[in-house]
Amino acid sequence: AQSVTQLGSHVSVSEGALVLLRCNYSSSVPPYLFWYVQYPNQGLQLLLKYTTGATLVKGINGFEAEFKKSETSFHLTKPSAHMSDAAEYFCAVYKGSQGNLIFGKGTKLSVKP
Amino acid sequence: EAEVAQSPRYKITEKSQAVAFWCDPISGHATLYWYRQILGQGPELLVQFQDESVVDDSQLPKDRFSAERLKGVDSTLKIQPAELGDSAMYLCASSFSPGGTGELFFGEGSRLTVL
């Protein structure tokens, strides 16, 4: 069965600092992995996804993530945080047999000026 | 840009009352999902439709929740009677088809508060 674990429910960084949000997955088949962002009282917006091919995936707003099979990880990074990055971030794995997503519990990112 | 439409955005109701949420997916998307997101947690699937058929409703509390997608386009999620523990954000999402890239497109959600 597929699952994801996000380490750290809350991460705080200073503006301009590196952002690192951690996600580990469990999957019995090659996974499709996603990062979504959610702003307060909004729906989820896709940041990036990994399906096959290149393991370093670039997304919107300067975010990227690297699929590491040996570590079963898909951590999200951004070199320099911006105030507008403050939001909640969800890692998800695709449940291929049914075609839906299983989400982690989320990491709330705060950006200090 | 095509969007998933949901209404109402906010709903306050008293326990034991009935409540309904509506979702209109992106045109042409055959698969529609209802997720529930409790404050501070990730979304959890309630029900998934492929066209008008239910694909997965294993996590839907069927004693009080019901969902339909009669013509395979828009969908309604109903709760009757509402309980305090139903307070949450109800998210609708759609995708072109399952088995593709897996990308789901989400609406802005319907936030339910049960008093």
Side-chain angles (χ1 to χ4, degrees), chain A residues 1-10 21 23-25 27 29-53 57 59-60 67 74 76 87-110, chain B residues 1 3-10 21 23 25-26 29-51 53-60 88-113:
Chain A
Q2 289 90 341
S3 67
V4 291
T5 302
Q6 291 185 241
L7 301 176
S9 60
H10 193 181
L21 304 181
C23 173
N24 288 89
Y25 70 90
S27 177
V29 297
Y32 287 4
L33 295 161
F34 303 78
W35 276 99
Y36 280 81
V37 61
Q38 185 178 36
Y39 298 99
N41 289 315
Q42 298 288 322
L44 280 71
Q45 179 184 5
L46 181 68
L47 275 179
L48 51 79
K49 62 184 179 184
Y50 168 77
T51 53
T52 58
V57 181
I60 62 171
F67 171 64
F74 190 58
L76 182 70
E88 191 149 22
Y89 293 79
F90 294 93
C91 182
V93 63
Y94 185 59
K95 189 178 177 184
S97 62
Q98 296 281 26
N100 58 67
L101 292 182
I102 299 172
F103 287 88
K105 293 185 181 297
T107 298
K108 186 173 183 179
L109 175 66
S110 300
Chain B
E1 181 177 315
E3 294 182 344
V4 176
Q6 288 189 247
S7 67
R9 287 292 314 278
Y10 302 93
F21 303 110
C23 172
I26 293 172
H29 280 195
T31 309
L32 185 147
Y33 312 79
W34 284 101
Y35 280 85
R36 177 170 61 184
Q37 184 180 20
I38 296 171
L39 189 64
Q41 297 186 22
E44 295 181 325
L45 182 71
L46 290 174
V47 61
Q48 177 183 346
F49 289 92
Q50 177 66 24
D51 299 311
S53 300
V54 173
V55 174
D56 184 352
D57 64 355
S58 58
Q59 300 303 310
L60 187 71
M89 175 79 90
Y90 291 84
L91 294 163
C92 180
S94 68
S95 66
F96 183 68
S97 66
T101 61
E103 180 176 352
L104 274 60
F105 296 84
F106 284 84
E108 292 194 321
S110 295
R111 180 166 294 284
L112 174 65
T113 301

* **Reported CZ-to-CG distance for the pair B:F106 and A:L46, which is rounded to 0.5 angstrom** => 9.5 Å

* Structure fact -> Counting heavy-atom pairs under 4.5 Å with chain B, the top scorer among A:L44, A:I102, A:T52 is A:L44

* To do: Please round to the nearest 0.5 Å and tell me the distance separating atom CD of B:E103 and atom CZ of A:F34.
  => 7.0 Å

* Asked: With sequence neighbours excluded, what pairs up with A:Y50 under the ring pair (Phe, Tyr, Trp, His ring centres under 6.0 Å) test?
  -> A:F67

* Go through A:S9, A:G43, A:C91, A:G104 and name the one with the most non-hydrogen pairs under 4.5 angstrom from chain B. => A:G43

* Asked: Could you state the interatomic distance from CD (B:E108) to CG (A:N41), rounded to the nearest 0.5 Å?
  -> 10.0 Å

* **Distance-minimising heavy-atom pair for A:N100 and B:Y33** => CB-CE2, 3.6 Å

* Got a donor-acceptor contact below 3.5 angstrom from the A:Y36 side chain to the B:L104 backbone? -> yes

Would you be so kind as to tabulate the donor-acceptor pairs closer than 3.5 Å made by side chains of residues 34-41 of chain B, with sequence neighbours excluded?
residue : atom : partner : partner atom : Å
B:W34   : NE1  : B:S75   : OG           : 2.9
B:Y35   : OH   : A:L101  : N            : 3.0
B:Y35   : OH   : A:L101  : O            : 2.9
B:Q37   : OE1  : A:Q38   : NE2          : 2.9
B:Q37   : NE2  : A:Q38   : OE1          : 2.9
B:Q37   : NE2  : B:Q41   : O            : 3.1

